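Data block below; observations after.
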Amino acid sequence: MSSLEIVQVPVLRDNYLYLIHEPSSGVTAAIDPAVAPEVHETLTARGWTLTHILNTHHHSDHVGANLALKAATGCTIVGPSADRDRIPGIDIALSDGDRYAFGAAEAVVFDVPGHTRGHIAWWFAGSAALFCGDTVFSIGCGRLFEGTPAQMWRSISRLRDLPEDTRIYCAHEYTASNIRFALSIEPTLPALLARAAEVEELRAAEQPTVPSTIRAERAANPFFRADDPILQRAVGMEGSDPAAVFGEVRSRKDRF
Ligand code: ZN
Ligand code: FE
């Protein structure tokens, strides 16, 4: 299986968009292109031609440049079937379990409702890469704008089951503030303290804290651990339904 070249491009205040390139076929995709100029600059710098846009969900900081990039390049836009009416310029709509051939690489699509009702995640197993939009962040998760805690907990539980070395290419640099919140709940969790130290060092050097990995998030992200007795005890909900624990932690974060 072919492996992808992945370029992370910081845009707007705290978004990341990604360009992925499959060298044997030459296809190149922009994942969640919020803006067009930085995409064009990156393409020019690499000598790549845009052939695809892969979207995770309909928010403007993820689809903002869809139409401009399609007009400029004629690229094919691929996004969530459940939200096809809200993805500008969509050509191909995919849903849970669909496999999408991207040159010689292949993505598996996960429906991950919660942040929005039609959110999908793209898993490139051959590159150990997950593009999850605003579903999972390092030490955090997306706000529940259109879904319930039970939906989001199920979505995250499914991503959590991917291989531990899978890198999580999320769409925002929120890690430092997520850690401040997580420490308010679990001030002594060793894996969280270790991640906090690592992130402090990265941010001091103006380096991204993304991608993370499934392994790292399983160890320290409270939103991955709603069924963990340690987290349940920390919020006074030992033995409760994980979806309820997840909802409690999410609502504390909303008020933090
Ligand atoms: Zn969003
Ligand atoms: Fe976003």
Side-chain angles (χ1 to χ4, degrees), residues 6-20 29-39 42 53-69 77-90 93-96 109-123 129-156 158-159 167-181 199 208-212 217 221 223-224 246-247 249-251 253-254 256:
I6 301 171
V7 181
Q8 179 178 44
V9 186
V11 297
L12 305 177
R13 218 176 101 97
D14 50 33
N15 278 73
Y16 291 121
L17 63 83
Y18 298 95
L19 291 192
I20 62 172
I31 299 183
D32 282 354
V35 289
E38 289 90 337
V39 172
T42 308
I53 288 171
L54 310 182
N55 288 129
T56 63
H57 70 294
H58 76 89
H59 285 155
S60 62
D61 61 320
H62 300 255
V63 303
N66 272 25
L67 294 179
L69 289 170
I77 300 181
V78 193
S81 177
D83 238 339
R84 59 186 314 153
D85 295 342
R86 297 194 288 181
I87 304 292
I90 191 167
L94 301 177
S95 46
D96 197 61
V109 170
F110 286 78
D111 277 339
V112 285
H115 178 66
T116 64
R117 61 176 175 266
H119 201 302
I120 59 172
W122 297 84
W123 178 43
L130 175 71
F131 297 93
C132 62
D134 290 354
T135 300
V136 168
F137 301 122
S138 184
I139 317 298
C141 75
R143 272 178 193 271
L144 304 183
F145 287 118
E146 301 176 5
T148 64
Q151 275 180 323
M152 189 64 139
W153 170 242
R154 178 174 146 71
S155 295
I156 290 176
R158 294 179 67 213
L159 300 181
R167 282 161 297 152
I168 303 174
Y169 292 92
C170 59
H172 290 275
E173 179 61 62
Y174 289 160
T175 316
S177 68
N178 287 341
I179 286 173
R180 282 193 288 281
F181 168 70
V199 165
T209 67
V210 174
S212 180
E217 299 308 316
N221 186 334
F223 297 101
F224 273 54
F246 181 91
V249 178
R250 185 59 253 182
S251 78
K253 175 73 165 72
D254 292 343
F256 186 69

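Order of appearance sets the numbers: ligands from 1, and atoms from 1 within every ligand. Given the structure is predicted, the values throughout are model-derived calculations rather than measurements.
- A donor-acceptor pair shorter than 3.5 Å can be found between the side chains of Y16 and E173.
- A donor atom on one side chain and an acceptor atom on the other are found under 3.5 Å apart for T175 and T209.
- To the nearest 10 degrees, the Fe ion (ligand 2) sees OD2 of D134 and OD2 of D61 at an angle of 170°.
- Looking at N55 and H62, their side chains never bring a donor and an acceptor atom within 3.5 Å of each other.
- Taking the Fe ion (ligand 2) as reference, H172 places its N/O/S atom NE2 nearest.
- Among the atoms of H62, an N, O or S atom falls under 2.8 Å from the Fe ion (ligand 2).
- None of the N, O or S atoms belonging to H59 lies under 2.8 Å away from the Fe ion (ligand 2).
- In this structure, F145 has its ring center closer than 6.0 angstrom to the ring center of H115.
- Shown here are the protein N/O/S atoms lying under 2.8 Å from the Zn ion (ligand 1), water excluded: H57 NE2, H59 ND1, H115 NE2, D134 OD2.
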Run the numbers on V112 and C132 for side chain to side chain contact (heavy atoms under 4.5 Å, CB included), then give the verdict. CA-CA 9 Å; V112 285; C132 62; over 6 Å; no
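- Taking the six-membered ring for Trp, H119 and H58 have ring centres at least 6.0 Å apart.
- Checked by atom type, the side-chain pair D32/T56 shows a donor-acceptor distance below 3.5 Å.
- S212 and E217 share a side-chain donor-acceptor pair at under 3.5 Å.
- Among the atoms of D32, none of the N, O or S atoms falls under 2.8 Å from the Fe ion (ligand 2).
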